[in-house]
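For reference, the structure is listed below as structure tokens.
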Amino acid sequence: MAENIVIVESPAKAKTISKFLGKDFEVKSCMGHVRDLAKNEFSIDVKNNFQPHYVVLDEKKKLINELKKEVKKYNKIWLASDEDREGEAIAWHLKEVLNLPDEKTHRIVFHEITKDAILEAIKNPRNINLNLVNAQQARRILDRIVGYEVSPILWKKVKPALSAGRVQSVAVRLIVEREREINNFKESAYFKIIGYFKVIDKNGKEFELKAILDKKIETEEEVKAFLEKCKNAEYIVSDINVKPYKKSPPPPFITSTLQQEASRKFGFPVAFTMKIAQDLYESGKITYMRTDSVNLSQLALNTSKKLIEKEFGSNYVHIRNYKSKVKGAQEAHEAIRPTYIDNKTITGSDAEQKLYELIWKRTVASQMSDAEIEKTTVTISISTGDEKFIATGEVIKFDGFLKLYIESTDDDNTDEHSSDILPPIEKNQRLNFIKIEAIERFTNHPPRYNEAMLVRKLEELGIGRPSTYAPIISTIQQRGYVVKKDIPPKERIISLYTLENNIIKKSNKKEFYGGEKGKLIPDNIGLIVNDFLIQHFSEIMDYNFTANIEKEFDEIAAGNLDWIEMIKRFYEKFHPKVESTLKNASFATGERILGDDPETGKPVIVKYGKFGPVVQIGDSNDIKKPRYTALPKNKNIETLTLEEALDLFKLPKKIGIYNDKDIIVGTGKFGPYIKYGDKYYSLSKNDDPLTIDENRAIEIINEKNKIEANKIIKEFSENKNLKILNGPWGAYIKYGKKNYKIPKDKKPELLTFEECLEIIKTQKSK
DNA sequence: CAGTGAGCGAGCTTCCGCTTGACTT
């Protein structure tokens, strides 16, 4: 019988470690936390020093029973969960649940999975650090208090099944505030002035030099005056400034930066990146994917060095130790890197190959030399004025890491400065004038967040952890607080002035602008909940709340602060607000008065009502009942105008005639619809009931009729209540009012009456 | 849920952080 059993968190890790430790060590995994506060109750005894009530997680019950039997067989139990607050707590919970005696229990940690590191860890066991465990308990209990005391307030004051929490509510706040910033943004126009010059080198070869005026001009009058002044001017190179600079590679990937680069380079959503990374990890191709450490193991550094020397030469090697910039980083793992850096590529799905290659390049590049770049700035003076044209160019003198990897940015404004190679020019050289263009430009509103940008912002604020970034994004969408959307580009006409051959010409140009893909946008309920929480729980909603309490958790971990003391102090301030909000706060409806109805003079109001967003004409206290209509899905309480609101009351309205029957558009309980004859047809998400035209309506009617016509696959003379029908997800059996699935191996059109009855019988028994 | 145009009300909803399966649509 083996002497030792090691328990780690992940099965993939267990497999690797098992190889290093050999026969004397059995290695098992516990799959993360095994015990937690009970889900269906508050589970904190406030009156009894906040004692938590822990239960074994349902999905871990089987595992724990197995482990209980298993550990009895061994003399030494090594708890090797991660070396951070959560990992320490996992070790402690395991010890408690498995009833491990002190003398048999050894706590070990390692943050790289190499034979040396693990053997070293086995030589240096310690006891469980209870201070660290208490810091985790404080974190856990605080999160439970906030989540389970505030959420029920929302159920009463806004709508059932909503939620609030230390992390998710702040994430929503970021998105709400960005959207309001955008709504309030006033764009301003200016002109970007570009000069084009001809340069001829010694051999008579011609080059075009493009330079940008050093100031923006705001009005068309000023543009005209400037161009007028430039007529017959001379253009002289008044200064050439050459400045070398160095560019260093970005650090190896951590969870958040991997999510960002996969989003920027491939357009992967955060959850997709994590799923692919998980697959790569489980098949042993990369190291652990949920990490906030930029550290690479010595082994990885050595392999990288050899590889770079071989592939690029020794002048490309620059081994570096990166320091984490992440607030509250726990650094229990390595950075995300290929397990075997010698493997440049792997086999696998397209996405797996792409992501792997990205990780490989980033890892290797992080150990390569700085790029050496020379930036040249040419100043061109105008003989008839003080303004200057500036041309810039960059020459890469030594590419270094750029040979392998270039980090992308979130900036979609690529049109600003192009850094081309400049033609050969000298100081005091007179340039041949080609033309000047003045293009109308507009200031841009700040960009909306996409998933990866939100993760980056949260990380910057120290909110959330690598394992929770993807789930947070999913939660705030599930609650209906935010939606992921594409913003279609808009069209505008811009002015363009050209000075060429001493003539100033004006023309207009059509351009598309402001298109955004996969952006997070607050929905009505997100705005209302956000404002409600800021009004009543400003401390929790503060962007620095997490960072502040993290300092206290650190104090607990260092043994300088008692966790019960800390929680008590928090609760004494927090709980009265819960009580008073429950008692005093009125329904949060986001109500806005848009103005008066010109027909009746009554107020037009938009609000979030009992059944969703609604517009009403007339006061609810009026003797005459107000008129109501639901707000269409694509409209927002916060930005709805009086005109749009009044338009909604024009529904239902007739929009055309088809085959002698009226087509009527309206909105009802199930959203916008078309009524044609006696039948109803739902509008798709992209159809606006106010602007939909006859042609589109006919299209919808025909489409639906076609589906209807194909709906019945088979009917039975034996029983008219039994039918085989075509639904959105394939064929199914309808019997009375209930539906039944058809087994995959059966062909729906060949089913007999008896076979159908058999299917119904077996599915009913389930 | 497999298609429509109200209004009963019991019992339920919910947090953040660790980890992987076992499951559909």
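Lettering of chains follows the sequences in order, A, B, ..., and the numbering in each one begins at 1.
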Exercise for review: Give the nucleotide from the list B:dT13, B:dT20, B:dG17 with an atom nearest to the side chain of A:Ser10.
Suggested key: B:dT20

Review point. Do we see A:Trp155 stacking on the base of B:dT14, given a limit of 5.5 Å between centres and 30° between planes?
Key: no

Check your understanding: Is any side-chain N or O of A:Ser163 closer than 4.0 Å to OP1 or OP2 of B:dC15?
Key -> yes

Exercise for review: Could you tell me the separation between the OG1 atom of A:Thr468 and the CD atom of A:Gln168, rounded to the nearest 0.5 Å?
Suggested key: 11.5 Å

Study note, to complete from the structure: Ranking B:dT19, B:dG21, B:dT14 by distance to the side chain of A:Lys60, first place goes to B:dT19

Review point. Can the ring centroids of A:Phe537 and A:Phe574 be said to lie less than 6.0 angstrom from one another?
Key: yes

Practice item. Go through B:dT13, B:dC16, B:dG21 for me and flag the one nearest to the A:Arg139 side chain. Key: B:dC16

Revision key, fill the gap. Taking B:dC16, B:dC18, B:dT14 as options, the one with an atom nearest any side-chain atom of A:Ser467 is B:dC18

**Study point:** Partner of A:Leu533 by side chain to side chain contact (heavy atoms under 4.5 Å, CB included), out of A:Leu154, A:Ile540, A:Ile528
**Key:** A:Leu154

**Study point:** A:Ser151 vs B:dC15: side-chain N/O to OP1/OP2 distance below 4.0 Å
**Key:** no

Exercise for review: Could you check whether A:Arg144 gets within reach of a base, just the sugar-phosphate, or nothing at all, counting any heavy atom under 4.0 Å?
Suggested key: base

Check your understanding: Which nucleotide in the set B:dT19, B:dC16, B:dT13 lies at the smallest distance from any side-chain heavy atom of A:Thr468?
Key -> B:dC16

Check your understanding: Which nucleotide, B:dG17, B:dC15, B:dT19, lies nearest any side-chain atom of A:His333?
Key -> B:dT19

Review point. Rounded to the nearest 0.5 Å, what separation is found between the CD atom of A:Glu539 and the CD1 atom of A:Ile534?
Key: 14.0 Å

Point to revise | Side chain of A:Gln168 - closest among B:dC18, B:dC15, B:dT13 | key: B:dC15

Check your understanding: Using a cut-off of 4.0 Å on non-hydrogen atoms, how would the nucleic acid contact of A:Leu162 be classed: base, sugar-phosphate, or nothing?
Key -> sugar-phosphate

Review point. Side-chain N or O of A:Tyr288 less than 4.0 angstrom from OP1 or OP2 on B:dT19?
Key: yes

Check your understanding: Given B:dC18, B:dT19, B:dT14, which nucleotide is nearest the side-chain atoms of A:Arg290?
Key -> B:dT19

